[in-house]
Amino acid sequence: MFALCDVNSFYTSVETVFRPDLWGKPVVVVSNNDGCIISRSAEAKALGIPMGAPLFKFSDFLRQHGVQVFSSNYALYADMSLRVMTILEEMAPKTEVYSIDEAWLFLQGMEKLVGWQEWGHEIRNRVQRETHLTLGVGIAPTMTLAKLANYAAKRWRKTDGVVVLTDPERQRKLMALANVSDVWGVGSRISKRLNAMGMKTVLDLANADTHLIRKKFSVVLERTVRELRGEPCLALEETPSARQQIVCSRSYGVKVTAKDEVRQSLCAFAERAAAKLREEGQFCRCVTVFFRTSGYDTGGEYCSRQGSMTCQVPTHDTRDIIKMALSVFEKIWLSGPRYAKAGIILGDFYHRGVAQPGLFDEIQPRANSEALMQVMDSLNQSRRGALWFAGQGIEKPWQMKREMLSPAYTTRFSDLPKVR
DNA sequence: TCTGGGGTCCTAGGACCC
DNA sequence: TCTGGGGTCCTAGGACCC
């Protein structure tokens with residue numbers, strides 16, 4: 001049996017944990033650069049505010065209805081996420097953190113110990129008590145069905161946040177009520193095609209011919225069909241597999257045309273990407289650089305520049321990664337367009353010592369690289385941005401907008417809530 | 001004026017190998 | 001006249017997830 005637990009309206013719920021004055025009021029959280037609405041409280045959803053809507057299109061509406069808006073505060077969300085995950089890990093023999101607000105629990109060996117329904121409520125109550133966040137719990141014999149159960153737990157209030165889907169009859173009943181697009185793994189494109197083939201409900205999909213699904217779509221969707229029928233095809237990732245790429249990219253707070261500023265931003269992204277690489281304990285050979293204009297900018301032609309470079313010896317030294325990034329940048333720079341976004345992608349990962357340095361390689365290992373990186377990382381761990389390369393520049397006019405940022409209540413001393 | 005960021009997996013097609 | 005079969009690796013693009 002699998003359980004999928006996720007926090008309702010995670011970002012907005014976290015924001016209101018420390019703001020009792022906002023309880024019961026409409027609240028939204030917007031994406032980086034204060035771009036799109038990415039989390040809505042129940043009250044905000046009731047006002048009809050759609051997911052993913054650009055903030056500027058709704059700012060009048062939000063003001064009229066007194067909706068509280070917050071910029072994304074990832075320091076806060078990550079810390080609260082950790083608290084929830086720690087509880088979940090204590091409640092099941094095996095867990096997999098699936099995203100910032102959800103986790104899979106593998107319930108092997110618990111069948112005789114607990115009733116699923118009671119256990120679901122127990123875990124929900126505990127998270128509520130210890131974090132003031134509300135969990136949705138879906139329990140079923142396959143991961144896809146557990147996802148569906150979780151969807152039902154959120155959609156129908158009378159479930160009280162916990163749905164157990166062990167009974168095949170109950171599974172079919174629920175599948176007949178849900179749309180194919182509500183299935184995990186079926187996005188907008190595939191659901192449109194399924195609808196055109198006459199499959200509207202989840203039950204239609206579950207009853208579909210697996211050979212046909214494989215032929216017309218892919219093995220991925222075939223697995224989904226089998227999972228809906230109660231045949232497990234997916235399993236928990238017991239040891240989180242090593243990442244295959246690391247991306248660090250941002251939209252600019254303003255459009256950027258100056259070469260220096262794009263270069264500085266890339267330097268900053270390269271630093272962050274390199275730090276992430278070291279957190280993963282990996283080394284990379286390939287560095288990709290990109291920058292592009294906005295697809296919404298009507299002022300000029302859409303322009304997207306991208307290039308990459310592979311070195312012989314895997315590295316995780318920030319200096320090497322900046323050097324490679326900037327050398328690619330010089331090759332692909334194009335003057336004129338108003339750039340809206342840029343980023344760095346690291347790929348082709350190795351563990352330490354896999355490849356030997358070649359005599360003629362352009363990038364040779366640097367003396368004391370390890371020690372220097374360790375000092376940098378430990379300083380930046382205690383305070384993000386404590387130490388950085390001058391290539392980033394100082395003014396940073398390109399930095400993203402976060403004009404409605406809440407305090408980092410749980411991770412910064414100066415932001416600790418005060419109780420009077 | 002203002003439209004996010006970070007991932008994964010699969011497939012098809014081309015180049016190349018024996 | 002007649003020109004195979006089986007495999008790998010890489011890349012781009014498409015789809016999905018949160």
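Values in this document were obtained by computation on a predicted structure and should not be read as measured data.
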Using a cut-off of strictly less than 4.0 Å between a heavy atom of the residue and any atom of DNA chain B, enumerate the qualifying residues of [range] by number.
range	result
residues 145-154 of chain A	none
residues 215-230 of chain A	V219(A), V220(A), R223(A)
residues 174-209 of chain A	none

Closest non-hydrogen atom pair between H121(A) and T159(A), with its separation: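 In terms of heavy atoms, the two residues are closest at CE1-O, 4.4 Å.
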Integer-rounded Å distance: dA12(C) P and I345(A) CD1: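 Between P of dA12(C) and CD1 of I345(A): 12 Å.
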Going by salt bridge (Lys or Arg N to Asp or Glu O under 4.0 Å), name the residues that satisfy it together with [X], two or more places apart in sequence or in a different chain.
X	result
D317(A)	R319(A)
R292(A)	none
R157(A)	none
D6(A)	K154(A)

Base versus backbone protein contacts along nucleotides 2-8 of chain B [heavy-atom cut-off under 4.0 Å; B, S, -]: BBSSSSB
Ring centers of F349(A), F283(A) separated by less than 6.0 Å: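 That pair fails the under 6.0 Å test.
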With sequence neighbours left out, write down each residue that passes ring pair (Phe, Tyr, Trp, His ring centres under 6.0 Å) with [X], or none if nothing qualifies.
X	answer
Y302(A)	none
W333(A)	F291(A), F329(A), Y339(A)
H132(A)	none

Take N1-N3 plus N6-O4 or O6-N4 for Watson-Crick, N1-O2 plus O6-N3 for G-U, both under 3.5 Å. Which runs of 3 or more such pairs involve DNA chain B?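 Ordered by first number, the stems with DNA chain B (at least 3 consecutive pairs each) read B:5-18 with C:5-18.
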Do F18(A) and M80(A) have side-chain heavy atoms sitting under 4.5 Å apart?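 Heavy-atom side-chain distance check passes, below 4.5 Å.
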